[in-house]
2 protein chains.
Amino acid sequence: MEENKHVTIYDIAERLNLATSTISRALKDHHTISDKTIKKVKKTAEEMGFVPNTLAAGLRGNKTRTIGVLIPTVTQPFLSSLISGIEITAQKSDYTVIIMQSHDSYEEEVNMAKSLYSNRVSGVICSLAMETRDTAHFHQFSNNNIPLVFVDRVPKEYNTFRVVIDNYTAGYKATKHLIEQGCIRIAHLTAGSELGNLYNERKRGYIEALKDHNIEVEEELIINLNSVTYEDGVKASNALFDLNPIPDGLFAPGDILAVSAVQTAKKRGIKVPEEFKVIGFNNDPISQIIDPNLSTITHPAEKMGKAAAEIIIKNLKSSKNDDAKEITFLNTEVLARESSQK
Amino acid sequence: MEENKHVTIYDIAERLNLATSTISRALKDHHTISDKTIKKVKKTAEEMGFVPNTLAAGLRGNKTRTIGVLIPTVTQPFLSSLISGIEITAQKSDYTVIIMQSHDSYEEEVNMAKSLYSNRVSGVICSLAMETRDTAHFHQFSNNNIPLVFVDRVPKEYNTFRVVIDNYTAGYKATKHLIEQGCIRIAHLTAGSELGNLYNERKRGYIEALKDHNIEVEEELIINLNSVTYEDGVKASNALFDLNPIPDGLFAPGDILAVSAVQTAKKRGIKVPEEFKVIGFNNDPISQIIDPNLSTITHPAEKMGKAAAEIIIKNLKSSKNDDAKEITFLNTEVLARESSQK
DNA sequence: TATTTTTACGCAACCGATTGCAATTGTTGT
DNA sequence: ACAACAATTGCAATCGGTTGCGTAAAAATA
């Protein structure tokens, strides 16, 4: 096995009897280098199998063309679509994406933020961990002029870019949809989270919609979950079905929860949507696979990823220190499918 | 907003009137540095908000403690679980993981391989893109002593580490299971792919199982797909159900395909499993959600990820140039659920 | 032909952490 | 008290591109 040492611009320079500066410039089509030389250099580089050392360039220039993505997990459909959007946009502008998972742990999030900073990423896109209650570990980015974009689960009080949906309105629309389908006792699942207060917002929308339609808000129909998992969803659903009479509708702020409710209902002989209508959230792939198909709220994951990446890249280009860190709101829509049909 | 410049070991050295070499050593508990100094340095580093510059260290030492992961996509459950396993193991040994998606495109795979090399990753874990027909773009790793592990979709002819399941045996087991459940006309979906020949292997297992049980292999029951997607699954299923008589069983080499078959069957009024038994592959989350629950073959994604990462890390530690690049086989099991019950 | 511009390239410092070797200070033995 | 040795710390080169500035050569202008 041939033990190729990495080929550097020094090797090219030596071969062509040129200075490394010339090589460096030639490789990026600098205007002060003649076309002849540029061609010669590029050809030789190709022949020698030269691959630039990103570390060296990053160290010198203090910019790495790398976007750090810090999210709870890659396994949730919403988040993997988010990544997809980020990557597509990043790639167009020749940025590399490095993904880290906090697994919804505050401690890991702190560590990985440090790691991203340590790797001198050019920008950061983050969706907060469930556990996270303070955001001091993001100051290192803000303080050093590294663009920071929060997505979906964002902190309330932090002057930086945010890409979100209007969870309040989405919750309102979902609930209103159920009401329009004839529901009068609509249950709701929610989860507590201080910082990324999206469940609270959805709940707020739910409550407002009920009030606007003169439906009493019943505390027993609102169940607070510890975690947004299938298992907890089943537990909560069973609790709802133990009521007498049972609710006639459910707004679940996540498709997994909605699916768990549908399946629990089926197991207990409760007909969906005839006796119990359900609407979920996110438009995950399962929502189209489960029977009956799940009505849901669209969550424009890929668009959000693209938007976030675009903000980073735009900010990096025009290195003007925009102090106006605007919030980008993307639209959501009600997808009325079988599980909520009148 | 305070414009903190990055804090370096020079800053610490200046503050403490020490040499940068001392700082560097103190921060990593080098034995030649006194405890007193170590404590002082660490305390000051903490106070000043020092975060080591990975680029500088990587450039100097030519090792980045980074594992590059090059896979088709993060959105497939199998692959996101794979990542999960890699990450867990990597984190334990303080390695960073950088993920890149080829989107099953050869061209992108080549580019990202170059990018990983350019970033001087310490090791690479890869599952090949569907399109990929040659592996020359991985020579840069092999030639430079960068451990390379292929996972799941691996090239046949490449002397490097591989972590796989025995797709032949898995296909055999799946088919045998259906036979044991009473099926005598078992259909199979497959997909062509030269390099990552896992579908071929599964098909081979299917055929052998039939032969071993004296069941004729009927070409019309084997459908070759262009892509392993829900849509193509539906098409293929419809083709199968257009036969007269229809097959009484299906071994689908992926749960998405199995799900599409189950749903297509339901739409056409064919009862699963009474008239048509199905077994999938992978044990994706949907397999437990669909009604009837899907029988499937387990695919130890997380374990494979862990194994791959361990191989990388172990190889990096004992930098001995093992020429024996062994293949690691992990076990699969038949998960008999509702969709294949007698 | 002399002089100014332009074109094309070289020199050398720089980014920040690491590390072999030299140098300094402190200890121990005789 | 002095050599011998151990314990600490400093010096300076190094990794590989990048870039401001200087300079030689070629082209344009006087």
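Proteins come first, then strands; the chains are lettered A, B, ... in the order of their sequence lines, and each starts at number 1. Hydrogens, waters and symmetry mates play no part in the numbers below; they use all other heavy atoms, side chains included.
A donor N or O paired with an acceptor N or O is found under 3.5 Å between the base of D/dC11 and the side-chain atoms of B/S21. Between the side chain of A/R25 and the base of C/dG10, a donor-acceptor pair under 3.5 Å is found.
A salt bridge is defined here as a Lys NZ or Arg NE, NH1 or NH2 lying under 4.0 Å from an Asp or Glu carboxylate O, and B/E46 with B/K42 fails to meet this definition.
The interatomic distance linking A/D35 (CG) with C/dA8 (C1') rounds to 12 Å, in whole Å. Rounded to a whole Å, the CZ atom of B/R60 is 17 Å from the C1' atom of C/dC14. To the nearest angstrom, P of C/dC11 lies 12 Å from OH of A/Y10. Straight-line distance from the CD1 atom of A/I9 to the P atom of C/dA12: 16 Å, rounded to whole Å. Protein atom CG of B/L16 is 18 Å distant from nucleotide atom P of D/dT8, rounded to whole Å. Atoms CD1 (A/I23) and P (D/dG17) sit 11 Å apart, rounded to a whole Å. What separates NE2 of B/H30 from C1' of D/dG10 is a distance of 14 Å, to the nearest Å. When rounded to the nearest whole Å, the span between CD1 of B/I38 and P of D/dA7 equals 14 Å.
Atom CG of A/L116 is separated from atom CD1 of A/I67 by 11.5 Å, given to the nearest 0.5 angstrom.
When the nearest nucleotides of DNA chain D are assigned to A/L55 and B/N17 by heavy-atom distance, the more 5′-ward of the two goes with B/N17. The residue among B/A19 and B/N62 whose nearest nucleotide of DNA chain D lies closer to the 5′ end is B/A19.
Between A/K28 and D/dT18 there is a side-chain N or O to OP1 or OP2 distance below 4.0 Å. For D/dT9, the OP1/OP2 oxygens have a side-chain nitrogen or oxygen of B/T37 closer than 4.0 Å. Applying the 4.0 Å criterion to OP1 and OP2 of C/dA8, one finds that A/T22 has every side-chain N and O outside that range. Distances shown here put every side-chain N or O of A/T8 at or beyond 4.0 Å from the OP1 or OP2 atom of D/dC15. Side-chain nitrogen and oxygen atoms of B/T20 include none within less than 4.0 Å of the OP1 or OP2 phosphate oxygen of C/dA17.
The closest side-chain donor-acceptor pair between A/Y95 and A/T89, if any, does not fall under 3.5 angstrom. For the residue pair A/S122 and A/T66, no side-chain donor N or O sits within less than 3.5 Å of a side-chain acceptor on the partner. A donor-acceptor pair shorter than 3.5 Å cannot be found between the side chains of B/H103 and B/S105. B/T37 and B/S34 share a side-chain donor-acceptor pair at under 3.5 Å.
When each of A/R153, A/E109, A/H137 is paired with A/T132, the side chain to side chain donor-acceptor pair (under 3.5 Å) condition holds for A/E109 and for no other.
Side-chain atoms of A/T32 lie closest to C/dC9 of the nucleotides C/dA17, C/dC9, D/dG16. Taking every side-chain heavy atom of B/S24 into account, C/dT18 is the closest of C/dT18, C/dC9, C/dG16.
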For nucleotides 23-27 of chain C, tabulate all protein N/O to nucleotide N/O atom pairs closer than 3.5 Å, reporting atom names and distance.
none

Could you walk me through whether B/F150 and B/F161 satisfy the ring pair (Phe, Tyr, Trp, His ring centres under 6.0 Å) test, starting with their C-alpha distance in whole Å, then the side-chain angles of each, then the deciding distance to 0.1 Å, before giving a yes or no? CA-CA 6 Å; B/F150 283 108; B/F161 300 101; over 10 Å; no
